Amino acid sequence: MSTGFLIILLVVVVLIAGLLAVKFRAGAGASGLRRRFGPEYERTVAQYDGDTKAAKKDLDGRLHRHSDLKIHPLTAEAYDQYTAEWSYAQEEFVDDPAKAATHADGILGELVRQRGFPADPFREQLAALSVHHPQHVDSYRRLHAAVHCTDGGRARTEELRDLFVHARAFYDDLVGDRPGDADTHHDTNAHHSDESERRPWGTLRHRDTSRGSTP
């Protein structure tokens with residue numbers, strides 16, 4: 001066996017090993033994103049018509065922009081207020097499903113902003129939520145789309161019921177457990193002097209119907 005042939009064989013082996021390594025890294029990256037994003041990974045791949053490279057670029061971009069996002073904890077008072085609002089929306093569903101769905105969308109919009117997620121554009125808000133709440137963010141996306149439908153169509157009661165139930169899972173995931181009393185200690189004077197931090201809870205249910213397409 002000549003020296004030249006051995007050199008060519010060695011080069012071929014090195015090239016094959018390099019290609020396999022690249023393929024393995026790409027597969028490992030996709031596998032890691034699939035585990036991290038769960039159903040959101042599959043939805044994103046479908047959005048790009050099965051182009052996994054484009055989906056990976058999209059999801060990697062979300063991680064880069066939002067993985068270090070500072071999430072603000074809720075006070076026990078805020079937790080109780082959100083709980084009361086959501087209970088009201090559930091009761092409202094019996095008489096007016098569409099109004100209740102709009103109310104629920106408003107509650108979620110207020111809640112995600114209070115927790116520290118981007119307020120707008122809505123697309124970027126969803127991107128941030130998909131990083132931190134990948135299992136349930138699509139329920140928020142679907143509810144919001146149904147509430148702010150612009151093509152003249154109206155979701156049926158059963159569809160709204162399904163959306164409402166799934167949105168509740170997102171609400172539970174987002175609001176978390178009720179904070180303990182130790183988490184609510186703060187400067188009382190500072191709290192009451194800053195009106196911008198005091199949310200008009202009693203007005204939410206009255207202004208839900210005026211919300212635009214972007215929360």
Side-chain angles (χ1 to χ4, degrees), residues 8-72 101 104-105 107-153 155-156 158-176 212-215:
I8 293 174
L9 182 61
L10 179 61
V11 170
V12 170
V13 169
V14 171
L15 288 174
I16 292 175
L19 290 173
L20 289 175
V22 170
K23 184 177 181 180
F24 175 79
R25 286 196 297 270
S31 178
L33 288 173
R34 184 180 288 107
R35 287 193 299 272
R36 172 66 185 265
F37 285 93
E40 187 67 9
Y41 174 85
E42 302 300 337
R43 193 202 70 83
T44 305
V45 171
Q47 178 186 346
Y48 288 101
D49 298 322
D51 187 341
T52 55
K53 288 185 178 179
K56 181 179 183 299
K57 182 178 179 180
D58 184 334
L59 296 172
D60 279 337
R62 299 186 203 181
L63 287 172
H64 177 73
R65 298 193 304 275
H66 301 298
S67 61
D68 294 331
L69 186 68
K70 183 178 179 180
I71 308 300
H72 306 309
D105 178 64
I107 294 170
L108 292 173
E110 294 281 353
L111 180 55
V112 296
R113 285 192 290 273
Q114 186 165 349
R115 294 304 308 273
F117 291 96
D120 58 81
F122 185 64
R123 180 188 180 94
E124 197 61 20
Q125 184 182 85
L126 290 176
L129 287 168
S130 72
V131 172
H132 297 273
H133 300 277
Q135 298 296 325
H136 300 293
V137 64
D138 195 49
S139 64
Y140 177 42
R141 180 189 288 115
R142 292 169 56 218
L143 176 68
H144 187 82
V147 168
H148 300 289
C149 181
T150 57
D151 60 5
R156 293 176 298 180
E158 286 305 314
E159 181 183 355
L160 287 175
R161 189 186 308 279
D162 181 66
L163 292 173
F164 203 100
V165 168
H166 285 86
R168 172 58 191 261
F170 172 64
Y171 166 82
D172 288 339
D173 189 37
L174 188 63
V175 78
S213 60
T214 301

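Quick caveat: nothing in here was measured; it's all calculated off a predicted structure. Sequential numbering from 1 along the given sequence is applied to the chain's residues.
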Q.
With side chain to side chain contact (heavy atoms under 4.5 Å, CB included) as the test, pick out the partner of Val131 among His66, His64, Arg65.
A. His66
**Q.** By side-chain hydrogen bond (donor to acceptor under 3.5 Å, both in side chains) - contacts of His132 (at least two apart)
**A.** none
Q. Are any side-chain N or O atoms of Arg141 and backbone N or O atoms of Leu126, one a donor and one an acceptor, separated by less than 3.5 Å?
A. no
**Q.** Shortest non-hydrogen contact from Pro118 toward Ala128
**A.** CD-CB, 3.6 Å
(Q) Holding to salt bridge (charged side-chain N to carboxylate O under 4.0 Å, His left out), I want the full list of residues that pass it with Asp162, two or more places apart in sequence or in another chain. (A) Arg142
Q) Tell me, do Leu174 and Phe117 make a side-chain contact under 4.5 Å, heavy atoms counted? A) yes
**Q.** Non-hydrogen atoms of Pro134 and Glu40 that approach each other most closely
**A.** O-CB, 4.0 Å
**Q.** Candidate list Leu129, Val175, Asp138, test side chain to side chain contact (heavy atoms under 4.5 Å, CB included), partner Phe170, passing option
**A.** Leu129
**Q.** Short N-O contact, Lys57 and Asp60, less than 4.0 angstrom
**A.** no
Q.
Let's go through Phe37 and Thr44 carefully: what are the C-alpha distance in whole Å and the side-chain angles of both, what is the deciding distance for side-chain contact (heavy atoms from CB on, under 4.5 Å) to 0.1 Å, and is it a yes or a no?
A. CA-CA 10 Å; Phe37 285 93; Thr44 305; over 6 Å; no
Q.
When you compare the side chain of His133 with that of Val112, does any pair of heavy atoms fall below 4.5 Å?
A. no
Q | Student check: side-chain heavy atoms of Asp105 and His148 closer than 4.5 Å | A | yes
